[in-house]
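I have placed the structure first, in the form of structure tokens, so that the comments after it can refer back to it.
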Protein chains: 2
Amino acid sequence: MATEVTDVPAAGETNGVAVEKTVTFTAVKPQLFVESPKVSDAVAFYKSAFGFEEVNRVTHPKRKADQELPLLLSAEIKLGSSSILVSDLSDDSTASGKPVGSGVIICLETEDIEAAINQAVKAGAVADGEISEGEGACCGRVGKVKDPYGVVWAICTPAKKCANVEA
Amino acid sequence: MATEVTDVPAAGETNGVAVEKTVTFTAVKPQLFVESPKVSDAVAFYKSAFGFEEVNRVTHPKRKADQELPLLLSAEIKLGSSSILVSDLSDDSTASGKPVGSGVIICLETEDIEAAINQAVKAGAVADGEISEGEGACCGRVGKVKDPYGVVWAICTPAKKCANVEA
């Protein structure tokens, strides 16, 4: 028998003196980055190619007044129970975590991003930039870590439902 | 109001003469590729860093007889209801879809991969290699498409539960 399901020590367990916080993730969402004006095109493509539905969108706040069509900064699309984020590569709020030569990172949603980042760094990940307000990426606050295998993970608070505000 | 949830034409609808098959996807799973001997390390890391649990694993069939510890070729790890695949970059079965400069692709599971690939190609994706048996990637059969934004999608039949066979 070789079913090696190793037990992960629960972060909230009392181990001697220090009681660590329990980190609970509520969602895992791949985030695809596309070039600046192409988020709308990409969302339309994923709808027709795979049948995704758009469930949330964030438009560029600065361009709302100047342009008739607000620039789409980020959208959440859903297929069955799985969500994917499609985001503008030039979105400043995610600049520090921009994947090098890659268009995909993984977002993990949690209420306590500091505890989650600490746990990942203790395990061997490297913090990538500061925690910032990630309005463009459909998260409240977001921090990034890079794992030892080159994958970037965004640790963020759950997505707000970002309805477009009428200008 | 700008809630642009565009309707996707159902692929199974009768449009004139041709009746296309309805494509149904049953799962969306990011697949992370890591260098050859490091799949076990990466799985251990994702368990301790984020609390993933291993739910499925495939070991290298050729090396089982030679080595005491079989080389882990691919594993499925789960966090809540979301699964991620961690796979050996040198796995031949996924060679055609190897991400260039990226460690992440997205797997979409469906029973009819031919119909799904056709639908994606009609929408503008480019087929990437032939459909093959993807035993190492925890799928039955797998085909790849590259979308216009550089993201590689693996279209595969649902993962088999691959229990380790005793040598």
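To find a chain, count down the sequence lines: A is the first, B the second, and so on, and within it residues start at 1. Atoms considered below: every heavy atom in the structure, side chains included; atoms not considered: hydrogens, waters and symmetry mates. Since we're looking at a predicted model, the values are computed, not measured.
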Fill in: Pick from L79(A), V121(A), N118(A), V145(A) with the largest number of heavy-atom pairs that fall under 4.5 Å of chain B
L79(A)
Worksheet item: Do you know which of G80(A), A42(A), P30(A) has the most heavy-atom pairs under 4.5 Å to chain B?
Response: A42(A)
Worksheet item: Looking only at heavy atoms, what is the nearest atom pair of P148(A) and F45(B), with distance?
Response: CD-CZ, 3.6 Å
Discussion item. I106(A) vs F50(B), test: side chain to side chain contact (heavy atoms under 4.5 Å, CB included). Steps then yes/no.
Written reply: CA-CA 12 Å; I106(A) 314 287; F50(B) 305 123; over 6 Å; no
Between [X] and chain B, with a heavy-atom cut-off of 4.5 Å, which part of the residue counts as in contact: side chain, backbone, both or neither?
X      : result
I84(A) : side chain
F25(A) : side chain
V28(A) : both

Discussion item. Distance check, rounded to the nearest 0.5 Å: K122(B) atom NZ versus S48(A) atom OG?
Written reply: 11.5 Å
Worksheet item: Is it the side chain or the backbone of V43(B) that comes within 4.5 Å of chain A heavy atoms, both, or neither?
Response: neither
Worksheet item: Does a sphere of radius 6.0 Å around CD in E35(A) hold more than 12 heavy atoms from other residues, nucleotides or ligands, not counting ones at 6.0 Å or beyond?
Response: no
Worksheet, complete the sentence: Interface check, chain A: of L108(B), D147(B), L32(B), most non-hydrogen pairs under 4.5 Å belong to D147(B)
Worksheet entry | Donor-acceptor side-chain pairing of D41(B) and Y149(A) below 3.5 angstrom | no
